[in-house]
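Following: one structure in structure tokens, then a few remarks.
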Amino acid sequence: MKLQQVELREVALPLVAPFRTALGTQEHRNSLLVKVTTADGAVGWGECVADDDPTYSAEYLAGARQVMREFLLPRLSRAPGLTAALVPELLRPVRGNPMARTAVEMAVLDAELRTAGISLAQYFGATRTELAVGVSVGITDTVDELISAVDGYLRAGYARIKLKIEPGWDIEPLRAVRETFGPDIALQVDANTAYGPADQPHLRRLDAYGLTLIEQPFAPDDLLSHTRLAARMDTPICLDESITSARDAATAIRQEACSIVNIKPGRVGGYLEARRIHDLCLANGVPVWCGGMLETGLGRAANLALAALPGFTLPGDISASARYYTRDITDPFVLHDGRLTVPTGPGIGIVPDPDALQAATTSTELLTV
Ligand code: SMG
Ligand code: MG
């Protein structure tokens, strides 16, 4: 295919409730969408999951926009016979900026698969049609508020609960959730790098709460502390921020820094790299699950296709649209018996609703490439 036009569109979606993590509090989601149109008239959508601020990772939305406009898209538009499989190689000269890469790769992949008439799940070779999903519960002002939030999610049918933790908000909320809801709910925690190596004795106390995993307690580049903690804790260690490529995943597994991997396409530079990490982990007996970045319906659709692969044995942070937004830019994903349906239409299987998209749009930039 040949790219003819690219639209960068920013949308602003208020969250149904503020989402607080060790990194800060988010009240709305600004998302940068990429719409490609090919010379044959095929359209593809991509979503960049970078936040406004470089706090989760070094990438941020305004920077991602510039990188796409000036460095990524020109490399794709120059390429004859562009296919999604060529995108990682074409973008290799540009370093970093995985969320920007993912967005453009996703848009090309969507356009290609729509033309071919196959769904992203089919392209991956995924066969599951619906998936049990989890929910990520932010830090609240009080334990009572947390209990009522968790209660609502369990009643809605979520298959597992992930609590955000940080120093000062870990043992007490965990104990309260276990005491209230019992030993049978699947429970895990995510520290978003909030602890340091000296917190190891404290973190070992989390073993008392029967967690599925503890996600990213230490800094992204501190594999050694994760390895040490893994050797001293019964709770499995899962890495998120530390894993930015299949090579990283291989290193972390070899160094026994984790025994479970959170796969987020935006963090690893694309859906194709995400798939490679899945394959590597499957071959090594390492369970994976799909992380979330408060995606709109577009990213959510693509994440469901990825998470339908067989190695995704743990429920992902792919919650129903209503957990995030009153009005998403696509038709909402709705929970049925704790499950979401994997889209079956061509490409990512969903397109923005024109009215909802227009209502959420804060800027558009048309690039003739
Ligand atoms: O999309 O449901 C979602 C959010 C899941 O907790 C979630 N994501 O570290 O895993 C993570 C966070 C990153 C986003 S908040 C900074
Ligand atoms: Mg995380």
Side-chain angles (χ1 to χ4, degrees), residues 13 15-31 47-61 98-99 102 131-140 146 149-150 153 156 158-166 169-170 187-195 211-220 226 236-244 248 252 258 260-268 274 288-304 306-307 314-325 328 332-333 335 340:
L13 296 172
L15 289 168
V16 290
F19 184 51
R20 179 171 156 207
T21 72
L23 305 167
T25 304
Q26 230 175 316
E27 289 182 358
H28 60 269
R29 181 64 162 133
N30 287 327
S31 191
E47 174 170 355
C48 178
V49 297
D51 286 321
D52 294 352
D53 306 328
T55 49
Y56 167 80
S57 73
E59 216 169 353
Y60 64 103
L61 198 133
M99 296 172 180
T102 301
L131 308 174
V133 295
V135 61
S136 173
V137 189
I139 296 166
T140 48
L146 180 73
V150 170
Y153 291 131
Y158 283 103
R160 70 100 170 107
I161 299 291
K162 159 169 141 180
L163 301 186
K164 290 290 190 178
I165 58 167
E166 65 182 4
W169 183 264
D170 43 27
L187 191 61
Q188 62 193 55
V189 294
D190 184 3
N192 285 111
T193 76
Y195 295 86
L211 302 175
T212 305
L213 59 89
I214 172 169
E215 181 179 347
Q216 198 72 44
F218 306 124
H226 289 99
I237 309 295
C238 171
L239 291 175
D240 173 355
E241 285 90 330
S242 291
I243 308 295
T244 64
D248 279 354
C258 68
I260 298 178
V261 173
N262 165 325
I263 300 183
K264 283 179 188 166
R267 195 194 63 229
V268 304
V288 303
W289 54 284
C290 185
M293 291 295 288
L294 308 170
E295 285 86 354
T296 72
L298 299 177
R300 194 165 310 286
N303 286 352
L304 280 165
L306 177 72
L314 294 168
D317 283 342
I318 317 177
S319 311
S321 307
R323 177 256 175 265
Y324 309 94
Y325 309 116
D328 201 341
F333 286 91
L335 214 55
L340 290 183

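In listed order, ligands and their atoms are each counted from 1. Fair warning: this is a prediction, and the values are worked out from it, not measured in the lab.
Taking distance alone, with nitrogen or oxygen atoms compared against 3.5 Å, Glu241 stays at or beyond that limit from ligand 1. Close N/O approach between Met293 and ligand 1 is found [any backbone or side-chain N/O within under 3.5 Å]. Taking any N or O of Ser136, backbone or side chain, at least one lies under 3.5 Å from an N or O belonging to ligand 1. At under 3.5 Å, a nitrogen or oxygen of Lys162, whether backbone or side chain, sits near a nitrogen or oxygen of ligand 1. Any N or O atom pair closer than 3.5 Å counts here, and Lys264 shares at least one such pair with ligand 1. Polar contact check, Leu294 against ligand 1: a nitrogen or oxygen pair lies under 3.5 Å apart. Below 3.5 Å of separation, one finds no N or O of Ser319 facing any N or O of ligand 1. Residue Asp190 has at least one nitrogen or oxygen atom sitting less than 3.5 Å from a nitrogen or oxygen atom of ligand 1, judged on distance alone.
The shortest contact between atom 12 (C) of ligand 1 and any protein heavy atom is with Lys164 NZ, 3.2 Å. Atom 8 (N) of ligand 1 has as its closest protein heavy atom Gly292 O, 3.0 Å. The nearest protein atom to atom 9 (O) of ligand 1, hydrogens excluded, is given as Asn192 ND2, 2.7 Å; this is a heavy-atom distance.
For Glu215, the N, O or S atom with the smallest separation from the Mg ion (ligand 2) is OE2. Take the N/O/S atoms of Asp240: the one nearest the Mg ion (ligand 2) is OD2.
Residue contacts with ligand 1, taken as heavy atom pairs separated by less than 4.0 Å, involve Asp240 solely via side-chain atoms from C-beta onward. Under 4.0 Å from ligand 1, the heavy atoms of Leu23 that appear belong solely to its side chain.
Against a heavy-atom cut-off of under 4.0 Å, Tyr324 is close to the following atoms of ligand 1: 1 (O), 2 (O), 3 (C). Each of the following atoms of ligand 1 lies closer than 4.0 Å to a heavy atom of Glu215: 10 (O). Atom numbering of ligand 1 starts at 1 in the shown order; those under 4.0 Å from a heavy atom of Phe19 are 6 (O), 15 (S).
Note on Asp190: counted as a metal contact of the Mg ion (ligand 2), an N/O/S atom lying under 2.8 Å. Counting backbone and side-chain atoms alike, Asp317 contributes no N/O/S atom closer than 2.8 Å to the Mg ion (ligand 2).
Phe19 is listed as a side-chain neighbour of Ser136, based on a closest heavy-atom distance under 4.5 Å.
No donor-acceptor pair closer than 3.5 Å links the side chain of Asp51 to the backbone N or O of Asp53. A donor-acceptor pair under 3.5 Å is formed between the side chain of Arg29 and the backbone N or O of Val49. Not a single donor-acceptor pair under 3.5 Å links the side chain of Glu215 to the backbone N or O of Asn262. With hydrogens and angles disregarded, no donor-acceptor distance shorter than 3.5 Å links the side chain of Tyr325 to the backbone of Val16. At distances below 3.5 Å, at least one donor-acceptor pair connects side-chain atoms of Gln216 with backbone N or O atoms of Phe218. Under the 3.5 Å distance criterion, the side-chain polar atoms of Asp328 are matched with a main-chain donor or acceptor of Gly297. Between the Thr102 side chain and the Pro265 main chain, a donor and an acceptor come within less than 3.5 Å of each other.
When every heavy atom of Ser57 is checked against every heavy atom of Met99, the shortest pair comes out as OG-CE, 3.7 Å. The heavy-atom pair separating Arg300 from Ser319 by the smallest distance is NH1-O, 3.1 Å. Of all heavy-atom pairs between Pro220 and Ser242, the closest is O-OG, 2.7 Å. Nearest heavy-atom pair, Leu213 versus Trp289, reported as atom, atom and distance to 0.1 Å: CD2-NE1, 3.6 Å.
Heavy atoms of Gln216 stay at 4.0 angstrom or farther from ligand 1.
Stacking of Arg267 on the aromatic ring of Tyr56 is not recorded, the 6.0 Å distance cut-off and the 45° axial limit not both being met.
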